[in-house]
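Order of listing sets the numbers, starting from 1, for every ligand and every atom in it. What you see is a predicted model; the values in this text were computed from it and never measured.
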Amino acid sequence: MNQKFGAGIWHFANYVDRYATDGYGEPRSLLEMIEMAGTVEDLSVVDINYPWSPDISVAQVKEALDRAGLGVIGITPEIYTREFAKGAFTNPDPGIRRRANEMCNEAADVVRQLGGTYVKLWPGQDGWDYPFQVDYKTLWKHSREGVGELASQNSDLKLVVEYKPREPRVHMSYDSVARTLLGIESIGLPNVGILLDFGHALYGGESPADSAQLAIDHGRLFGMDVNDNLRGWDDDMIAGTVHPMELFEFFYTLRKNAWEGVWQLDQFPFRENAVEAANMAIGFLKKIERALDRLDWNAMAEAQARQDAVAANRLAQEALYGA
Ligand code: FE
Ligand code: FE
């Protein structure tokens, strides 16, 4: 099998949080991050944030990607920064809502120039913090209209919505698989789908494999990324370190449905070496791939037909850890 692996380019950034406000390392330029990503074993594609520094041209990015042997899967417009503190698609100021639309359309042009397939919408500031802060009907209407408008303006591309329960807003409007599907179905356009982040599903109290199945059943699973967390927050830790069995079940579900796509990393190695963290995650994803080859699929189907948890988990453990 030649499974393709990808990563968000932010995996190779240095980070700040609300305590280490000057960052956990020296900032890196996009070109440096691409160069680092190129040293990860078996990484084929990256997702790049937009806009990047104005002194770097699209041609320079393309050149750096070629040198690193990487392609672009999609572009993530930064509709979640200070300018959008009260929302991008749902901002009370129509001028800022327009600005969000423009930024996403610019990102779509970069997708075309770099040969990617999607614009990733992560509306992290679209939501609310306090009771009585928003009119829920208006907020949800704007959430859907913002995505729908972009989808109709860019019918040649995919628009993927990455849902997450919260952060930075205390409650995000696209908070779960069910609500996001409901929104997408009401938009009713073929080029809008979900990018399912394994960690977001986990800490949102979902079973990520079930979330994937639901999105697939609606024909809306357009992309995915993996990481891990302790279930109380979007820790973006190394995939497979905390929830290996649920991660295995997630990929089991993708293969069961013959879902073909890039297996992507969305990790934030705050205190780790970024290249080592990526290599470790991809190494584990390959173990999962081999485990899926070893798994007794018929026996698993039979065990599930009986809801035999012991037999099913014995099969899963044997495939993943050896007999
Ligand atoms: Fe993600
Ligand atoms: Fe996340």
Short side-chain to backbone donor-acceptor contact, D17 and Y19, under 3.5 Å: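 Yes, because the side chain of D17 sits within donor-acceptor range (under 3.5 Å) of the backbone of Y19.
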D197 near the Fe ion (ligand 1) via N/O/S, less than 2.8 Å: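 So D197 does bind the Fe ion (ligand 1) by this criterion.
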Angle subtended at the Fe ion (ligand 1) by D266 OD2 and E162 OE2, rounded to 10 degrees: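 Result: 150°, to 10°.
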Proximity of Y24 and Y15 rings by center, below 6.0 Å: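 They do not qualify: ring centres at least 6.0 Å apart.
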Pair listing, side-chain hydrogen bond (donor to acceptor under 3.5 Å, both in side chains) test, anchored in residues 206-215, at least two apart: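 Sorted pair list: Y163-E206, E206-S211, Q213-D217, Q213-N257.
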Reference residue Y50; test side chain to side chain donor-acceptor pair (under 3.5 Å); the match among K120, E78, E106: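 Among K120, E78, E106, the one that satisfies the side chain to side chain donor-acceptor pair (under 3.5 Å) with Y50 is E106.
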Atom of D234 closest to the Fe ion (ligand 2), considering N, O or S atoms: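 Among the N, O or S atoms of D234, the one closest to the Fe ion (ligand 2) is OD2.
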